[in-house]
Participant: 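Before anything else, here's the structure in question.
What you see below is based on every heavy atom in this structure, not just the backbone, and it leaves out hydrogens, waters and symmetry mates.
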Amino acid sequence: MYMELPPGIKTKHGNSKDYVLKLLANLYGQKQAGHVWNQHMIDKLCDIVFQQSQIDECIVYRNVIILIVYVNDVGVNIKRHCDGTYKFTQRALINSIIDDVDIDNSYTKPVPAKVSLQLPAFCDSPKFDGNFNYHPAMVKLNYIGLTTRPNILYVVHQAAKNSADPRLDHGEAIVYLVKYLKAIHHIGLRFKPDVSKGFQCYCNADFAGNWNKEQQ
């Protein structure tokens with residue numbers, strides 16, 4: 001596999017646009033990157049007598065030990081309290097997106113979005129030309145929402161629908177949301193295990209927010 005030279009990389013042979021790089025190892029961001037990493041991990045675990053689940057390739061087990069492995073850029077901080085509860089926070093990831101959006105010296109917001117926020121396509125509005133990369137910001141915000149801050153998911157999903165052609169209003173909504181995260185970066189979710197209730201999962205996929213007729 002070959003790739004173009006990254007910006008800022010020069011070659012002594014002339015114009016860098018005339019040359020490509022041959023990859024000798026897996027590169028972060030490739031389509032197969034996750035599969036390659038997973039296969040390397042599974043091979044090493046199988047060497048120490050773990051078995052891979054036939055149902056979910058991200059689960060391996062040995063006797064009473066079960067490992068569930070999913071990968072993302074920034075992990076979740078898990079703290080166990082004396083009362084038996086567990087607190088999940090993502091300060092590192094929130095600080096990362098604060099740096100990306102560059103609001104270190106900005107004031108914070110008390111809520112994730114303005115009242116009655118709606119984010120249609122805004123085709124007649126100016127294109128987003130902010131000082132941060134829109135799509136990576138959406139990826140980080142979605143992970144935060146799914147993991148420790150579910151109350152921001154409405155805003156995140158509304159903004160994410162416009163990732164292909166973001167406008168000024170969409171960028172402003174992200175900045176507003178990040179200012180809110182800055183104010184509550186130390187807050188997360190707290191869980192208290194209750195073995196009597198078992199393990200329950202819920203899924204909301206009714207597309208209740210699909211009100212924007214412009215995008216239907």
Participant: I want to check something: taking the side chain as every heavy atom from C-beta on, are Pro110 and Tyr180 in contact at a cut-off of under 4.5 Å?
Facilitator: no
Participant: Would you call Leu189 and Lys87 a side-chain contact if the rule is heavy atoms closer than 4.5 Å?
Facilitator: no
Participant: Do Tyr61 and Gln51 come within less than 4.5 Å of each other through their side chains, counting heavy atoms only?
Facilitator: yes
Participant: Just verifying a value: how many Å separate Tyr134 OH and Asp100 CG, rounded to the nearest 0.5 Å?
Facilitator: 14.5 Å
Participant: Taking side chain as C-beta onward, heavy atoms only, is Ile174 less than 4.5 Å from Met138?
Facilitator: yes
Participant: Evaluate the side-chain proximity of Thr89 to Ile187: yes if any heavy-atom separation is below 4.5 Å, no if none is.
Facilitator: no
Participant: Kindly indicate whether the side chain of Gln52, heavy atoms from C-beta on, has any atom under 4.5 Å from the side chain of Asn38.
Facilitator: yes
Participant: Can you tell me how the ring of Phe122 sits relative to the ring of His170, calling it parallel under 30°, perpendicular over 60° and tilted otherwise?
Facilitator: tilted
Participant: Side-chain heavy atoms under 4.5 Å apart, restricted to Ile/Leu/Val/Met/Phe/Trp/Tyr: what other residues fall into the cluster of Val111, or is it alone?
Facilitator: Tyr176
Participant: Any sub-3.5 Å donor-acceptor pair from Asn95's side-chain atoms to Arg91's backbone N or O?
Facilitator: yes
Participant: Verify the ring-centre separation between Tyr86 and His81: is it less than 6.0 angstrom?
Facilitator: no
Participant: Applying the side-chain contact (heavy atoms from CB on, under 4.5 Å) test to Leu146, which of Leu141, Leu153, Ile152 qualifies?
Facilitator: Leu153
Participant: Should Lys192 and Asp194 count as an ion pair when the cut-off is N to O under 4.0 Å?
Facilitator: no
